[in-house]
Structures are given as structure tokens and as C-alpha cells.
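Below: one structure, written as C-alpha cells.
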Amino acid sequence: MFAPQFDYYRAGSVAEAAALLAEHPEAKLLAGGHSLIPLLKLRLAAPSALVDIGRIDSLRSIREESGTIEIGALTTHSELASSELLRSRATALAEAAGMIGDPAVRNRGTIGGNVAHADPASDLPAVLACLGAEFRVTGGNGDRSVGASDFFEGLMSTAIGEGDILTSIGIPTVDSACGSAYAKFAHPASRYAVIGAAAALVVDEDGSCTCASVTLGGLVPAPVRATAVEEALVGTRLDAAAIASASGLTGDALDADDVLGDVYASAEYRRSVAQVWVQRALSSAAARCG
Amino acid sequence: MSASTFGSGIRRREDPRLITGTATYTDDIVLPGMLHAAMLRSPFAHARITSIDTSAAAEAPGVVAVYTGADTEGEIGPAPCAWLLPDSGLSIADYHCIAKDTARYVGDIVAVVVAESPHQAYDALDLIDVDYDMLDAIVEPKESAAEGAPQLHAEIEGNQAFHWTVTGGGDIGEAFESAAVVVKETIVQQRLIPNAMEPRAALASYTQATGELTLWNTTQNPHIVRFLMSLVVGIPEDRLRVIAPEVGGGFGSKIAVYPADFITVFCSKKLGVPVKWVETRSENYQATTHGRDHVQEIELAATSDGKIVGLRATVWAGMGAYLSTAAPGIPTILHGLMLSGVYDIPAIHEDVYGLYTNTTPVEAYRGAGRPEATFMVERLVDLLAAKLDIDPAEVRRRNFIPKFDNGHDVVTGLTYDSGDYDGALTKLLDKAGYDQLREEQVEARKQGRYIGLGLSTYVEICGLGPSQVAGAIGFQGGLWESAIVRFHPSGKVNVMIGASPHGQGEETTFAQIIAGELGVSPDDVKVIHGDTDNTPMGWGTYGSRTTAVGGAALALAARKIRDKAKVIAAHLLEAAVEDMEYEDGKFFVKGSPDSSKTIQDIALMANVAWNMPEGVEAGLEATTFYDPPNFVFPYGAHLARVEVDAETGSVTLQRYVAVDDCGPQINPVIVEGQVHGGIVQGIGQALWEEGVYDEDGQLLTGTMLDYAIPRADGLPDIEVHSTVTPSPHHPLGVKGIGEAGTIASTAAVYNAVIDALQPLGVSSVRMPLTPERVWRSIQAAQEDN
């Protein structure tokens, strides 16, 4: 567990970090370090240099501005989990963040580092995709905002290009009655998601579902929308029978060839029981619509 | 005995330094000029080493030396196996500390780099160029025994390390042929990976001018390390000092003396400077010994009213690529002799095949053989109950050995010391509210919920053991323990023991023994252990033997002190020795308790020796070497309640109730802690833990991301109760408690899960009971229906 040799730079600002990245193309950004440091220690990564952005305070905030909750990339999981704003307006995100790892991990790990690493077993990608998040990227290719479906390109792969820095993540807020939830089947050792299901629901004044977003993570290389489940829910009153029936369509979203398996839980098993976690996320989300 | 000390739950004196991070572990020790070793380990499970080029590594920054098997030839012998199991055809393959021409498991050492820093040493490992010719690997013990299996050692036919049998009582064939009922099962006791908080480490400091070596080592038994190290590296024992500083847990994995320990000493001897080696956590998973790994085919014969008439088993025990220090005794002596469990079984037969496989060597792991035995017996008893449709508690009662307080022979040849198995079960069922729980289960089933109750009634063998027996069973050492009790002039006490506690709390409980015997405050007693230069010889801390054997040595040493103190007190009080009385640290003439001498008064006089009785030596000190007349046999009854989510297969452990009997408890809080930890490790086997190799011998669960050890959030509050049945032969009546929980709990949880699944027609699931395995067995049972 000894990392290979690397140079270390600490950036005081985003601009300085961008300049360091331009100067050292082989460098990696270091935020909370909870994805990168284990890779280094297992010698699965050997960057020539690390650019530490962990002390750029301007990247650490959660605030609401004109219909969007803007979350700085260095916001820690424990800050997400305890944010009153997120708990009330983006419940699934706070809920998922509170299920990551253990308190020590949540106190150091950041939302930006988490999604930039794009581990398929990570919790946040599925939740952010479910909530329609936009990823703000600056650097080598100019400033841009990327939607979740484009941001998560595949297994540990994102739209963050060479010299880019992810600075914040925006989540659109909804004015109507809505609720969201995250249900997770955690691996007993790593606490990563074997299956993660995120659900967000919007209802009209009569309690009828007008919009449903359901996303799966953990068992697929990148977050997957369960569109058949979503469509089946719209127009229902989100009672237990409607949720059970819609959840039964979860398998439609999961191409058997894409589902991941490992020594703990096979692809076949995960695909078969994923609907249970979708059902649980939907039940919680529906209960929160009020 | 003083009621305020012996038997009270005073706080562990070890904890402040452990909790505040001020304890000194091997890795904390820094010596001037110290170098660092890193081991190059084979990435392949079975491969011929055709060439090694170390030239680039030798020139890397900071590198001082690189050694391969060729360099150690003739300098260090093979790592020894020290349990020479008799009458078993034992075949020991040479375990070269650095592989000579063939690597036989992922983790087998191929070369060592010594450098100025650990980082430089690890960087240089990448520069060693090794050519391997791949060979077929075998990882499953039963498959290793099959014809045509890849062979590990040219000189050992069929990969068989040994074939051991136990036969006792009546004719086993006859018992099965005439039985009304036979139940059978195949059980995989999966491979477990011990996870001590502190990885293994060694710091060797050899002085070439004097030929003396000091070795700091993470070990459970420094005196055994000295003994074996001396044999393997050729340094005489008198010049070899082994120190086990703070040791962060072991669970059996720090019994063995490992190749890396010998290599570290070799490097220091060669270079004449201190050399430290600390394994990484990944190395810990690969190369520190594993536990269990049995395939068991078992069957039980009984009468139609549930009375057991015979038990028969065949076990294939994976031993790994080589036999570790104590390995052959684990699946045999500590396993097969316990197959009668708490029951009166008239005929028992077991064959155990120990097999080499291309895996990490398998050694003792908490319970070591007894959990595997208890599981077999407790599983069979439950299968019998299910077959006869009798409550599992009732089947147990029909077969229990009746209460005994001074010896009971079982057909495997052991004499249990004392026990009241029905008493433990009765207390358990009462504390758990068993009848009520069964009623709740019936109600839950009506609602489509799957609640299960599991029982495990166990007895275990610990306090290893009489040395005469050690010799007879091939253990290459004694099994006695020693203690020195030394009173200083001020009345303060040093206790030096040969055993080597590493987290169990004997620094506290042994002070309580002295307090109980001699009336001093436990705060006035310092317990010293772990350094071969300042402790008397002892055989180590494992097999729940430290209190059971070492505690007895200490109590007897204290009684010698008391006898001598009484003579001195009589002299000072001008009375006859036979007129003296002792109570709670004071000596007085019968009938005159007001005029007394305290043990502290005596300590002062004995040390200054101004006025000693004729013929009595100065000083107040005693040494005892205690060789127990028998093992001790703690026992108990445990109950688990689980709920299974049939949709996903996930198991929730809802309740766990334990009744354990380890005799009188020196410190009930420490006993409870040992019971908690033990139970949790056994639950880990039932629900979460498994060391998995793929068919090429790659360890798939090689990190803490993959290998699931228990966590508090998966556990209920554990309800701990006890009964007290003294051992008739121990001076304090105490038995061991370090492993009891682990020995009992795996079967309790497993039986509960199967009980929960009974309406779904599931009777067997491979451990650990992961959601997928449970879910698949439900699916399979439903297809069968």
C-alpha cells in the first residue's frame, strides 16, 4: 500500500488549477482523495503529479439561485447529507450521500471527485441523473454545462476532458408537489451500491403523477433511466398497486449484456431483483410528495 | 478471595493506551540506521520460476540489497511445520522462505528488496524481472484429492498432506445399518481471512560483533518464535531475544512463524543493520494464514424418537500450498475429537484428508477446528429434528450428556471436565422467551413473513493442554505455562508470564488474580509479558489457554508467596506457623486479628531481610510452571432470530441471545467483551465472509472492498447470560472464553436462516448466506415444487 512517486502541487484557485493542469498534462486533480488515493496505493494509477484543489473554498457551497440548486464540486458527502436545502428540495441526493461509505469517508469525499471518478458502483451518478443535474465544467475546452446523460459516458468515463475542471453541479428545482428517494442494496464490504435506485415524482393537485424519473445505478456501467417504469407511472395515483406494477417493468431498462456482476452478486441476480429496489425508492418518493 | 477484585468488572487497563493511540506496535519502533524490506510475491498461483533478473532493482535509488532463493540457500532452512500429526501419513513439503524454483500460491515470496525507505523498497519490486512458466492450479480441497488434479509437490502423491481418522465407541457401520433414521448433509466451511487490526510485522536487529539478535515481531507466542527462529537461522537461543510489543489482534493468524519473519532476520544478519518489514494490507490478505476451508460430508443415525446412535463424516481440509506451523492439528485433533459435542453419541467415525492446494496456507482461526465441528453436529441435530418433526430444543434435550461435575468420557477419547448442558439450554430458552418466539413465528408465517429461530448448543476444548498429550499428538512443544510473582520492598508487585496476550485483557485479569490471592490492590500489580529476555518460558496465547493455563500458574505462584509470607509473619508475630491465619492480605494469629502483618509488611521485611526466620531465604518471589492435568471444556447455548426477505434473499439478524459457561468469571465485563467479539466473528462466517479464489488461484477477495467483515450496523444488541460450573481441575475453576462465541454462533445463525426458509422448502444454502445464495435457493426450491 505504497503509492508510486508523484509531484504534488496545491492550487489556490480554479484558474491556478487550470494553469497547473495545462502545464502538467499527466497530472490528476486531487479533491477529497477517496477515489484517487486508493488507486494510487494499489498502484492502479501512476500520475506524474497531483494538483490538489481541496482547499479552494469557493468550490464548497450549496445554494439556491433562480430555479437551480448549485452545489460546489468540493462539497463533501456529509455536507450534502445534512443540508436542509437538499433534504427538502432534492431529498434523494441528501439520502444517497448519507449512505456513502462511513462517516470518515463522508467527511472527506466530495461530490465532484465522486462523479468525476464515475465508479459504476457509486451512488451519486444515478441520483444526479434522476434529478436532471447539469455538470459545470471549465478549463481546456472552455466553460460549458453538460447534462447527466452526456456527462456519464460509461464505465469510469465522463465528459471531463484533458485540462477540464468540474466546478459545480446544478439541480433544477420543481415548484409543484414532488418527492424523491434513493434505495440502495449496499455491498457488505465496500458499501458501494450493488444496486441503487433513484426516483423522483411530481404530482398534481389531485395527487396524480405528472412526471416520473427513475434511474438505476450500481449494476450498470453508467446510470440508466428506467423509461418504461416512468411512463407506466404517469397518470396513476402512485398507490402501492401502481408502483408495484410499474416497478415490474424495471427489467426493460436493463440490457442483460450491460448488467455488471461480480463474485458477490451476479448480473443475473442483480437484474432479477432490481425491481425490488425501484419499488422501494418509488414508495418512499411517493410518500414524500405532499 | 477478595470479593471486590476477583470477579468484578473493573475497566481494562490496556484500553487508555490503545484508545489514545499511544501504544507501541512493531511498526512504531525506529532504530538508528534501520533499513526496510519489501517482499516480491508471486502473482501466479502455480508457476515455475525460470529466471530472475534483479540487476535493475539492485541499482534503483536507495536499494541496499536484493536477495532471491539462491542467496538464502543453506542460510535459512524451510519454514517449519511444528505439529507432526502421528499415524496420519503426514507428508510435509519444504516451505522455502523464498521460493526456489516453483511458486505455489499467489503471495509465495520470490525475492526480497532491502532499501533505505519502504517506498524505495516497494518501487524497486517493480524492477525485478521474473520469468514464469505457468502450471495448472488447484484451489478446492476435494478436487485436489481427485485423480488427475494438478500436483503441487513432486514428492507428495495426490496432494495429500495427511489422512487422519478418529473412531470411537460401537461399530459405526452397524449403527447406521440398524438406524431408523439417517440424515445427511454436505457442508462447505468456506475459507475465511483473519482481519487483525494490525498487519504482521518484524523488526530484526542483528549485531555481528556479538552474534546477538533482537527481533520485534507481531506474534501470539514470542517464546515459540525464539525456539523456531533459532532452529531455522542458526542463532543460539541464548543470544536471541524476541519481543512481542503491542500486538493488534491475531485470532490465530499470528501463531505461525512466517517466511517473511525468517527473511527479515536473514537480511539483518547479512547486512549487520536493523531491518524492518511491515506487510501491506494486500499482503495480509494474500500471505497471512487463512482459516477453515473444509468440505464436509456428514451423516447422523438415530432412533425414531430422536436418540442419536452414530455420527459419521468425511472431511477434505484445504491446507494451502504448504503446512503452516500448527496447521495439521487444527482440522484433526481440535476438530475430530470434538464430534460428540454436548451429546451422548455411542459411535463416531471421521476421516479427515488434509490437502495441498495452490492457496495461502490455512492455520488456526478463532475457534480453530471447533467451529467446524460444532457446525457439523448442530446442523445434523437440526436436520434430525426437522426429519422427525420434533422441536430442535427437544431433540437436543433427548441427547444431552447428563450433568456432571468431575469428568465425563466421550467416545472420541476425551474426558470433558464439567458441564450442565441442559441447564444452559433451559436458561437460554427462558431468557429468550422461546415459546413466545415460536408463537410469533407462526403468526409471521401467516402474514407471509419468514422468521427463523436457530439454536446452537456447544462444548469446546481449550486451555491447551497437558504437555504429555502435546507430545502424544505430535505438537512440537510443551503446553504448560509459567508465572513469576515478585514483590518489591514497597509491596508493589511485578508479574512476569510466558503467555503473550494481544488484546484479550490479561494485564487486567491477571492483576485481579493476584489481588484475589494476596489482597493487594490490582493497581499495585504490573503484568509483564511478551519479551523472552524478561519473562519465563511459555507456549503462547491461543486456544483460549492464557487464563486457563497461565492463570493457573499465576494463582499457584501467588499461593507459594502466601505460604512463605505466612512463615515470615509467624516469625514476626512470635507465633507458630500452624497458628497463623490469612484473610484479605493480612496474616494474624488465630483469634487475634487486630494484631496482624500485611502482605506489604512482609514484602518489606523479606526484601530488607533484617529479621528473617531461620532458614528462610530473603526476597518475596515465586515461580511456577504449571502443566494442566486436562483440557478445560467451556460450553453454552445460543439462539439467533432472523428474518429473511424472500424477494431479495437478504437476511436480517434480529436478535441474538447467548448463555455461556466458562466457570467463575475473573472479570465479567471482559468475559462479555470476548463473548461479543467471538459471536460476531462467527456471524461473519454465516452471513458475510468468504475468501474466494478463481480457478487459476487468483484471490478475488483480496481487499477490504471485497471481503466483508462484520460491521456494527448489521448486528443486534447481543444479549449475554451465563451459568457458572467450575472446572474441577483448575486452581481457580476457570475455563477459557476467547473462542466460545465463534464456536457457537455460526451454527445458530445458519440454523435460524434454514428455519426461516422451511416453509419455502429450503434445507441447505452454501455459506456465507449472501442475498443471492438465499434467493437462488428459494428459486430452486420453488422450481422443485
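Lettering of chains follows the sequences in order, A, B, ..., and the numbering in each one begins at 1.
- Put simply, the side chain of A:K41 does not reach to within 4.5 Å of the side chain of B:T280, judged on heavy atoms.
- Counting heavy-atom neighbours within 6.0 Å of A:E153 CD, excluding the residue itself, gives a total above 12.
- How far CD of B:Q120 is from CZ of A:F2: 11.5 Å, rounded to the nearest 0.5 Å.
- For B:Q782, the CD atom sits in a packed shell: over 12 heavy atoms of surrounding residues, nucleotides or ligands are nearer than 6.0 Å.
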Evaluate the side-chain contact (heavy atoms from CB on, under 4.5 Å) criterion for residues B:R711 and A:D102: first the C-alpha distance (whole Å), next the side-chain angles of each, then the deciding distance (0.1 Å), finally the verdict. CA-CA 11 Å; B:R711 292 166 57 134; A:D102 52 44; 4.1 Å; yes

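- For B:R773, no part lies near chain A; criterion is any non-hydrogen pair under 4.5 Å.
- Annotation: the span from A:D262 atom CG to B:L700 atom CG amounts to 9.5 Å, rounded to 0.5 Å.
- Atom OG in A:S272 sits 7.0 Å away from atom CD in B:Q779 (nearest 0.5 Å).
- Open room surrounds CD on A:E26; 12 or fewer heavy atoms of other groups in view lie less than 6.0 Å from it.
- When side chains are defined from C-beta on, B:E689 does not count as touching A:P188, because their heavy atoms never get closer than 4.5 Å.
- Heavy-atom pairs under 4.5 Å with chain A were tallied for B:I709, B:D694, B:D706; the largest tally goes to B:D706.
- For the atom pair OG1 (B:T770) and NE2 (A:H187), the distance works out to 10.0 Å, reported to the nearest 0.5 Å.
- Side-chain contact annotation: B:S282 with A:R43, donor-acceptor N/O pair under 3.5 Å absent.
- Considering only heavy atoms from C-beta on, B:V692 stays 4.5 Å or farther from A:Y264 through its side chain.
- With respect to chain A, the highest number of heavy-atom pairs below 4.5 Å among B:Y707, B:W775, B:W688 belongs to B:W775.
- The shortest distance between side-chain heavy atoms of A:F185 and B:P771 falls below 4.5 Å.
- With a 4.5 Å cut-off on side-chain heavy atoms, B:E647 and A:R280 count as touching.
- B:T648 contributes atom OG1, which lies 14.0 Å from atom CZ of A:R270 (distance to the nearest 0.5 angstrom).
- Between A:R191 and B:D713, some side-chain heavy-atom pair lies under the 4.5 Å cut-off.
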